[in-house]
Amino acid sequence: MASKLGLACGIPERRVRPIWDAIDSRQFKNALKHCTTLLSKYPNSPYALALKALVLERMGKDEEAFSVCLNAKELLYTNDSVLIDDLTLSTLQIVFQRLNHLDMATSCYEYACGKFPNNLDLMMGLFNCYVREYSFIKQQQIAIKMYKIAGEERFLLWAVCSIQLQVLCGNGGEKLLLLAEGLLKKHIASHSLHEPEALIVYISLLEQQSKYGDALELLTGKFGSLIMTEVDRLRLQGRLLARGGDYAAAASIFQKVLELSPDDWECFLHYLGCLLEDDSSLCKGANNDSTYPLKLMESQVSHLTDEAFGSRLSNASSLVQKLLTEASNDTVRCPYLANIEIERRKLLHGKGDADKLMEALVQYFFRFGHLACFASDVEIFSHILDLDKKTKLLEKLMECCESISTCPRKTLGQYITVFKIQNNVGSMFTLPINELETTAIKMTEMYCDNLSLSKDLDAQESMYGEDLLSMACNLLVQLFWRTRHIGYLVESIMILEFGLTVRRHVWQYKILLLHLYSHWNSLPLAYEWYKTLDVKNILLETVSHHILPQMLASPLWADSTDILRDYLRFMDDHFRESADLTFLAYRHRSYSKVIEFVQFKERLQQSSQYLMAKLELPILQLKQKANNIEEGEGILESLKQGVQFLELSDEIKSKSLTFNEELQLRPWWTPTYDKNYLLEPFEGVSYCTGQTLDDQIKKSQVKVVKTLEKRSLLPRIVYLSIQCASSSVKGSVEANGSVFDPKLSSELRLLLDRYANVLGISFQDAVGLAFDISSGLKDAEAWSCNLIDWMNFLVFLNAWNLYSHEVDRDSIKHGSTWLLVNSILKKYILEKVGLMGPLESSPGCDLPNLVLLVTEPLSWHIMVIQSCARLLLPSGKRKKKGGPSDHCNVQLSQQVQDSIQSVCETIELVRKWLNQQISKSDKAESILSSLRTDEELGPGKVYRVVETLTSSLTIDKDLGDRFTQALQSWSPADITRKIITSQGTALSNFLSICDSKIKSLKELKAHL
Amino acid sequence: MTTIRRFSCNDLLRFASVNLDHLTETFNMSFYMTYMARWPDYFHVAEAPGGHIMGYIMGKVEGQGESWHGHVTAVTVAPEYRRQQLAKKLMNLLEDVSDKIDKAYFVDLFVRASNTPAIKMYEKLDYIIYRRVLRYYSGEEDGLDMRKALSRDVEKKSIIPLKRPVTPDELEYD
């Protein structure tokens, strides 16, 4: 920042430097002193004032800073003798921006540009202001002005980018592109073109208008050489040719690219696509924003005649042969894989031979089978084979592993590959239980036997065979799923923990572990492992899904708050700085990045996870304050009584959300955050196909949108419920002295209607269903998947009814809604507690929903109770007894007291269960004993492989110090202790939530 | 099997399997975006079949006169794609851009003195240890400044090792 010095407002540099130096070294008090001195000498200098404002803002004195800024602004506007320069304005701009008054900075620049119409520095500053405000039209206008003054190419490109932004991110129609094109044409005629990025933008402009011929002309003309890397230019040329429909020419261009860079797989697909006149690979290739790459490569069935198809593919084969001959070493894999792709295309066309495809796969395996990425390279190819061929392929591959044994590392890699392919084609899910177990044992043994291969590696480097333990874990989890024997779960945890003892940096193990611990209600331990992944910055957007959803349904409120806050801080920081980075791209003439940055910011702003976090943080705060209605109301106050989120709910419906989570790193049993196969019965292999996965992802996205809509209504509904409840106390005036507005009641009714609609039912039907279920007329099955939402609905229904009495009138024979809520909450909480086995032997038990029942519907109900109770409290001011309103209040008071009694009893039952769980002593032993079965079939065998390796008698000292020490330090007892402690921590947190609820209810009752 | 192309913002949403590695730093957004905005030709990503990100390289070009040089800020490869010379391909690309497009004299990089595997790899790629930078990493660990001369440095002057170690404040560039 010190470099910004200069003769601003006529103040010499030597007077300003100490201030900037002090700011740079964060000595703000000192800086302020210097400012005072400067101001005594230059009292009317806007620059001196701007500096003072800057220092004040850094000191956290926002209001003072703002008022000093306004003084400076005033001086700029009124004092004609004052000089206006960019340094003053940009300093003011910094402060205004930090104080969230971008508009003020903009108007300062606008004023200055009006006063000094041809000053480029000021105009650039103004352009920057518009970039910050995302005012694309104004950006364009000022850029054009600058271009007219200076005639520089960059200003023209600024205008062109601003036009593209209007079309891509604003409301501008496509016709605007024609304007941009015209500007560029005219400029080129008079000034030529000098920057590679300008050419790229020009071509993209033409491409957007489908003017491929014009774009090609430009690229192949004299300006083409601006793109200095030949393959980049050729790739672009190929794409334009293909999109323009000239497939033959495109194919020959892609062929050139392949000759120059034979390992470019995407280019090969383009080449093949063009030969077969199918440009699907090109259409999605240009801007592939999916974070979940499609498992299956889509390619259309070719419309070519058999003859043409055959001859084109034989051309492709010749090219591949040529590339293969020229490939000097084994680092070029593309031509080998290309052969397989050619066979696949033949099969798709009905002219292929599956045996040939298999043969090509085997050949590829011979050469590259040891590479860790082999299985994912060939995944799409194995899918086209039928079950019988898949089995044959696996047999052949296994034979290869057994036949070649030149290098143990290669052999190990090949075995791992075969296991992975078995998994990819689904055959791991068709194995009988004993074979599954045998395979898991084999994998673990292989890992142990090959440890020595890695003994000379640095501790930081990934070891040979690390995948084996992840794969063994996956099988053990499947065994657990199929047999429900907890020992397999323990075993899967043990081998991952063991793997992390050997090398503690394996993030793949950590992710598996954290999901296993989450499933087993050891969330604190899961969170510990999550923290070791060091998820920060943009990874918060793509990786948080591994832990956040579980945390939000847990009693670990402090940790959940931390995660949400960190995430929101990151996102909001980015939104704040993103425009400045866009301007940086403008300044450095990276025009294509300008567009990219703005689109990326929009993508993040529409992130479903971001919206979710924005909603869940205040809801979490509300849950934490629910025992004290005044504090709860404070939270609601800060959310504008929930109105803020109602607006968000409209936004959710109007814009499409983005889903940026990287789901492919999730374990197979929980492919999305709302799905856990382990909670369902085993149904064989069907779930693991690519299609099922895609369907599951789509389903969960639809669900997310619904959840967001529901949650965005919640704060407002809670607020209105409190209002309606307090209005039910007759003769009372509300806490703030105002009279209840009946509109609030009708608003609540409307929102409940929306809430019910999100649950897929009308309000009337929802009420009817509630009474029918409560009186046993209907089965509660209808509620099961949205239990918490339904309970919330009932609580709010009761609150609404306290004012409107409409439900009682309609369904008087069923009794009051107080009774309904009390009994149903009790019923379901009791049911949950009853089904909850001992935690250490009940993985997957429904603790999260029990926690949610207590911390959401029950908490909202307690708020409703408090809202009535605080007005029913006896006070000296109460008027004489005996009136009709008193009679109502007596009745209400009784209902409130009954409700308190009922809620207390309900929570007591939860507490009782929690206390029993916490005080149990033999838990660790029961976990370990699950591994010691005497049965032929049963868990423990994989674990024993590890046990054998680590027992002090058998540790092979040749493994080197690092491994020897690691093996010696392995302690399964520690792991079980940690699990028990972690489960205990979660339970204790829950217990203290229950305790505080009981305590506050008892206090309330004592006063009634 | 590598399609190497310019790194784009959307790649930030797909690189977790690379960045979860404990040796790969996940920087703040302005860091990545500044590199994209200022040196887009020095920031490349390698993609595998199916669109998985294999690894990426980020760097810049800076300096004056004979110290005009390319700099490798980070190069990283996901575990699944290691041991197939991908880092080498990415490094060669950056060297090529520095050499042919920007006509730089040399390429340099910093590496933790303890990161033996990386040092070995750079040595294989013809980088030499130019000098040691004392307590370069968070004021604790020493860094090694490694260099490789490009065609413009005909006499290979840029890579004559310094005899004494330097301190971070003696460095010409960050």
Side-chain angles (χ1 to χ4, degrees), chain A residues 197 228-229 261 263-267 288-291 293-295 297 331 333-334 337 371-373 376-377 379-380 457-458 460-462 466 505 507-508 533-539 541-543 570 573-574 577-578 580-582 584-585 588 590 592-593 596-597 599-600 603 660 662 664-665, chain B residues 1-6 8-10 12-17 19-34 36-41 46-54 78-86 88-89 93 96-97 100-102 112 114-118 120:
Chain A
E197 278 273 324
M228 291 180 75
T229 311
S261 93
D263 210 22
D264 188 337
W265 175 248
E266 192 186 51
C267 178
N288 186 8
D289 64 350
S290 165
T291 48
L294 285 177
K295 287 258 169 190
M297 223 173 0
T331 58
R333 309 204 302 286
C334 174
L337 197 66
L371 293 177
C373 60
S376 64
D377 283 354
E379 193 173 349
I380 47 156
L457 293 179
D458 191 276
Q460 317 265 21
E461 276 180 283
S462 44
E466 267 173 4
H505 300 298
W507 57 264
Q508 293 88 339
L533 290 172
D534 194 22
V535 175
K536 60 183 178 187
N537 298 323
I538 190 66
L539 293 183
E541 171 71 351
T542 56
V543 181
F570 162 75
D573 282 351
H574 173 63
E577 71 186 7
S578 162
D580 283 316
L581 292 158
T582 307
L584 190 74
H588 287 274
S590 302
S592 59
K593 294 292 171 191
E596 196 180 305
F597 285 6
Q599 286 181 323
F600 190 66
R603 178 173 179 174
N660 303 321
E662 278 206 76
Q664 69 269 40
L665 301 184
Chain B
M1 197 134 36
T2 332
T3 302
I4 299 181
R5 53 167 179 78
R6 266 190 186 188
S8 76
C9 288
N10 285 335
L12 292 167
L13 299 173
R14 300 167 51 206
F15 72 4
S17 60
N19 275 47
L20 282 172
D21 180 274
H22 72 290
L23 285 177
T24 305
E25 177 68 17
T26 303
F27 299 103
N28 58 39
M29 288 294 279
S30 65
F31 195 80
Y32 293 116
M33 291 176 76
T34 301
M36 277 190 259
R38 296 191 57 181
W39 304 285
D41 289 327
E47 236 180 19
H52 300 284
I53 291 193
M54 307 165 80
E80 202 183 352
Y81 300 100
R82 286 186 195 155
R83 297 175 178 130
Q84 46 175 293
Q85 305 205 21
L86 179 56
K88 179 183 171 177
K89 280 186 195 170
L93 181 70
D96 242 32
V97 175
K100 302 210 169 71
I101 297 182
D102 287 311
R112 283 177 187 273
S114 66
N115 192 351
T116 326
K120 276 191 196 152

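The chains referred to below are lettered A, B, ... by the order of the sequence lines, with proteins before strands, and numbering in each begins at 1. Note that the structure is a prediction, hence the values are computed from the model and not measured.
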Distance in Å, [X] [atom1] paired with [Y] [atom2], rounded so as to fall on 0.5 Å steps:
{"X": "B:Arg83", "Y": "A:Leu371", "atom1": "CZ", "atom2": "CG", "answer": "10.5 Å"}
{"X": "A:Asp377", "Y": "B:Tyr81", "atom1": "CG", "atom2": "OH", "answer": "6.5 Å"}
{"X": "A:Thr229", "Y": "B:Leu93", "atom1": "OG1", "atom2": "CG", "answer": "7.5 Å"}
{"X": "B:Glu80", "Y": "A:Ser376", "atom1": "CD", "atom2": "OG", "answer": "4.0 Å"}

Judged by atom type as modelled, is there a donor-acceptor pair below 3.5 Å linking the side chain of [X] to the main-chain atoms of [Y]?
{"X": "A:Glu662", "Y": "B:Ala16", "result": "yes"}
{"X": "A:Glu541", "Y": "B:Leu13", "result": "no"}
{"X": "A:Asp458", "Y": "B:Pro117", "result": "no"}

If every non-hydrogen atom of [X] is compared with every non-hydrogen atom of [Y], which pair is closest and at what distance?
{"X": "B:Cys9", "Y": "A:Glu596", "result": "N-OE2, 2.6 Å"}
{"X": "A:Ser462", "Y": "B:Arg82", "result": "OG-NH1, 3.3 Å"}
{"X": "A:Leu584", "Y": "B:Ala37", "result": "CD2-CB, 4.1 Å"}
{"X": "B:Pro49", "Y": "A:Leu337", "result": "CG-CD2, 4.0 Å"}
{"X": "A:Trp507", "Y": "B:Ser17", "result": "CZ2-O, 3.3 Å"}

Show the numbers, then the answer: is there a side-chain hydrogen bond (donor to acceptor under 3.5 Å, both in side chains) between A:Asp264 and B:Thr3?
-> CA-CA 5 Å; A:Asp264 188 337; B:Thr3 302; 2.9 Å; yes
Could you check whether any side-chain heavy atom of [X] comes within less than 4.5 Å of a side-chain heavy atom of [Y], counting everything from C-beta outward?
{"X": "A:Asp263", "Y": "B:Lys89", "value": "yes"}
{"X": "B:Met36", "Y": "A:Phe600", "value": "no"}
{"X": "A:Lys593", "Y": "B:Met33", "value": "no"}
{"X": "B:Trp39", "Y": "A:His588", "value": "no"}
{"X": "B:Met29", "Y": "A:Phe570", "value": "yes"}
{"X": "B:Phe31", "Y": "A:Asn537", "value": "no"}

Is the closest side-chain donor-acceptor distance between A:Gln460 and B:His22 under 3.5 Å?
-> yes
If you tally heavy-atom pairs under 4.5 Å between each of B:Met54, B:Lys88, B:Arg5, B:Arg6 and chain A, the highest tally belongs to B:Arg6
What option among B:Ala48, B:Ser8, B:Pro40 has the most heavy-atom pairs under 4.5 Å with chain A?
-> B:Ser8
Is [X] in contact with chain A via its backbone, its side chain, both, or neither, using a 4.5 Å heavy-atom distance?
{"X": "B:Phe27", "value": "backbone"}
{"X": "B:Leu20", "value": "both"}
{"X": "B:Ile53", "value": "neither"}

Find the one option among A:His505, A:Glu461, A:Met228 whose heavy-atom pairs under 4.5 Å with chain B are most numerous.
-> A:His505
Part of A:Thr582 lying under 4.5 Å from any heavy atom of chain B = neither
Under 4.5 Å from any heavy atom of chain B - which part of A:Glu197 | side chain
Looking at A:Asn660, A:Ile538, A:Thr542, which one forms a side-chain contact (heavy atoms from CB on, under 4.5 Å) with B:Leu12?
-> A:Ile538
Yes or no on side chain to side chain contact (heavy atoms under 4.5 Å, CB included) for B:Thr26 and A:Asp534, after CA distance, side-chain angles and deciding distance?
-> CA-CA 9 Å; B:Thr26 303; A:Asp534 194 22; over 6 Å; no
